[in-house]
Amino acid sequence: MAAPVALTRHMTSGPDVPGDHNPLTDVLDGVADVHARPLPVSPSYFSRQARFNDSYLLLAKLAERHRKLPVLPKDQVQPVAWKNLDNFRQAIGEQVKATEFVRCMELVKTLNRIHPRLMPKEVSDALLPFKKAVQPYLNVEKTAPIDKFGRALGSGRRKTSVARAWLVEGTGEMLVNGKTLADAFGRVHDRESATWALRSTGRTDKYNVWALVEGGGTTGQAEALTLAIAKALMAHEPALKPALRRAGCVTRDPRKVERKKPGHVKARKMPAWVKR
Amino acid sequence: MSVPNGLRCLLRPSTTTSIPARIVPVTVLAASFSSTSLLGKNPLPPKGKAPPSRVKVLPGGHIRAGKKMQLGKFKKNKQVDRSRPPAPGERKAYRKRVTLSNNNALPVEGLEEMSPQAMVDPEKVGRMLALPNELVDQLRAVEAFKPTQTWNMFRQPSILQRKETRELAEKMQAAAGKGETLKLVISGDRLVGKSMLLLQAVSYAYLNNWIVFHIPEGQELTNASTDYAPIPNTAPTQYSQQAYALRILQFLRKANQKLLLDLKTVFPHPELVQHFPVGTSLLQVANAAKEPDSTWPIFNAVLQELTAEGAGRPPILFSLDGLSFVMKASEYRSPAFELIHSHDLSIVRRFVDLLSGKTKLPSGGAVVAATSRGNSPRNPSMELMIAQQEAKQGLREQPVKEPYNRKYDDRVEAAMRDIEVLRLSSVSRSEARSLMEYWAASGLLRTAVDEKAVSDKWALGGNGNLGEMERATLLTMRY
């Protein structure tokens, strides 16, 4: 009966166990000789939240062990997207208690403040289960290059139209397929949508546009141009991205003509019912 | 609370007085013999044949309509319009109506008036100039205003003084000063303001006391819509258009009355029915034309007098809009049922001879023609000659004549070999700005006119095409 006692003692001792020696291996060493039946690897095996408790204990031990390492001020720490309670519960498959998770996350954040140059590998490994798989803070923005003539190329699509727009700093002139905007688009609404990226950001008189559009109809071409010009504009001024997104110039509109299906007259229309 | 009553005052008077029938019985305040269909109609439905009621009254007093079988469900409800059809010519008059003023538009303070000096003043380029009232009357008399132009949106007709306007006015001034004839064709993209520039040329002529022969639409001369007759003893046969000649004389009488009164005849005119001794005023001669049948000799006499050499005649402006119609075969037919070339129509020929330099104006003047993009037939020869002139002026590369195109016309090419071309392009930002300020001052543009607004509209109008800017700003219901 020595093993359960040892386990219980260990589990109830909580995070403030002084950890110079590994209690787990001690237990295993001591017990393996005596008992023939296999012992669980984790001493928390019989608790409700075995994996969480393991991590918690490990973190507590590491915090104690590395408490003297220098830490960064809070505002200089590289931001990390941590799992929230739901994410964490789902990831480890245990019903972790909220209060315990909060306490654990305090430890996690304390450990994360250790200076990155001195960050021990065991700590960064221990923090890993608490990080989200996708770290948006690590994303590096892809920027379109600006060539030696100062031109940025953006491309956009809408329906079946494809547009390429070269944007260069200038006085606000615009040529689409070699024609002026008025010649290229008879409808004023189309002209407005083609220039919307520049108009919504107040850059109409700052750039010249030279664009090529093909495929589709006038609406598609105009809205493909919106996207192309917006992308080229973001190459010149990346900071405009949120403004352009609010203006609806960043996302490609994925709608297309729905395909016709067999047995239907059109995409969804069914043939009229005929008696006999 | 008072909103319904307030709104009611916006209704038409006929509907304002409608009081619910259960309060006051409907009385129609019209004579029983009224011919107005609406008021004359008997307000009470005819008695006797009441439709069978299918309305079901439920015990609670709730009324529900019963089922009705509709047989002609898909038949269109025929509504016979019994109103009077418009009289002949009424629709056309409505379509061609030119409104030059709008009392709802705000008057623009501090606009400078158009004057002979202002038109050649480099300081005035990019400003709006208001047309003086006498000039408006003259321009209206020769139908220089067009119904498609947006005069009806503003309190007073005003025009932007463009760079090209000053250029043209200076050329006209120089030509008149030297006693030469300016031969000029205005070309340019669609809606760029060619007819407006022609209007400004005509204005310049009137302001400087020139005689003006203005043909508002070239197509009216050649699309077989006015009378024509062969002129005897001409080879190849030429054709007179008496009705149109009378119209030109009427234009002249109305618009150049003062000037004609001062000019005296220098030739005896034995061919005229009425006797005009030498020294009669030209107005008197022109006034003799009352009917189309007797107009042709008078028209010739007036032209002969106005182009008399050494008689101290004022400069003359011949202007025509829609050049491509007079640079091709007309729709008239000869007695052999062949198409008559426009240049064989006598009025057109006079114009073309002046344009080609075959005849000259003794006391100087100008021949100005504007091409049209909206309504114009394809005219390869004219386009080629204009392109060649533009290439000479360095505006474009040299055009190539298509070797297998059979639609080229030698007569047109000969007539247009030696002309000047004024290529009208888009306006600059400063010109666009002053125009937009005028729009804003007239209450038509409800946004602040700043750099951003100007460049927006400039870009929307296809890099400063004035007509397109106007379309995008004033003619859409957005602002």
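Proteins get letters first, then strands, A, B, ... in listed order; numbering begins at 1 in each.
- A 4.5 Å side-chain heavy-atom check between B:Trp458 and A:Met174 finds every atom pair outside the cut-off.
- Within a 6.0 Å radius of CD in A:Gln90, no more than 12 heavy atoms belonging to other residues, nucleotides or ligands are found.
- For the atom pair B:Ser455 OG and A:Glu173 CD, the distance stands at 12.0 Å (nearest 0.5 Å).
- Surrounding CZ of B:Arg396 are more than 12 heavy atoms belonging to other residues, nucleotides or ligands, all under 6.0 Å away.
- Counting heavy atoms of neighbouring residues, nucleotides and ligands inside a 6.0 Å radius, atom NZ of A:Lys261 exceeds 12 of them.
- Using a 4.5 Å cut-off on side-chain heavy atoms (C-beta onward), B:Leu460 and A:Thr195 make contact.
- Atoms CD and CG, from B:Glu468 and A:Leu181 in turn, are 9.5 Å apart once rounded to the nearest 0.5 Å.
- With rounding to the nearest 0.5 angstrom, the OG1 atom of B:Thr476 is 11.0 Å from the NE2 atom of A:His189.
- In this structure, B:Lys452 and A:Arg203 have side chains that are not in contact, with every pair of non-hydrogen atoms separated by 4.5 Å or more.
- Residue B:Arg471 holds its CZ atom at 5.0 Å from CZ of A:Arg191, rounded to the nearest 0.5 Å.
- Atom CD of B:Gln398 is surrounded by more than 12 heavy atoms from other residues, nucleotides or ligands within 6.0 Å.
- Side chain to side chain, A:Thr204 and B:Asp456 meet the donor-acceptor criterion of an N or O pair below 3.5 Å.
- Around atom NZ of A:Lys260, more than 12 heavy atoms belonging to other residues, nucleotides or ligands sit under 6.0 Å away.
- Annotation: B:Gln393, atom CD; neighbour count of heavy atoms from other residues, nucleotides and ligands within 6.0 Å is above 12.
- Residue contact with chain A, scored on non-hydrogen atoms closer than 4.5 Å, involves the side chain of B:Arg429 exclusively.
- Atom CD of B:Glu451 sits in a sparse spot, with 12 or fewer heavy atoms from other residues, nucleotides or ligands closer than 6.0 Å.
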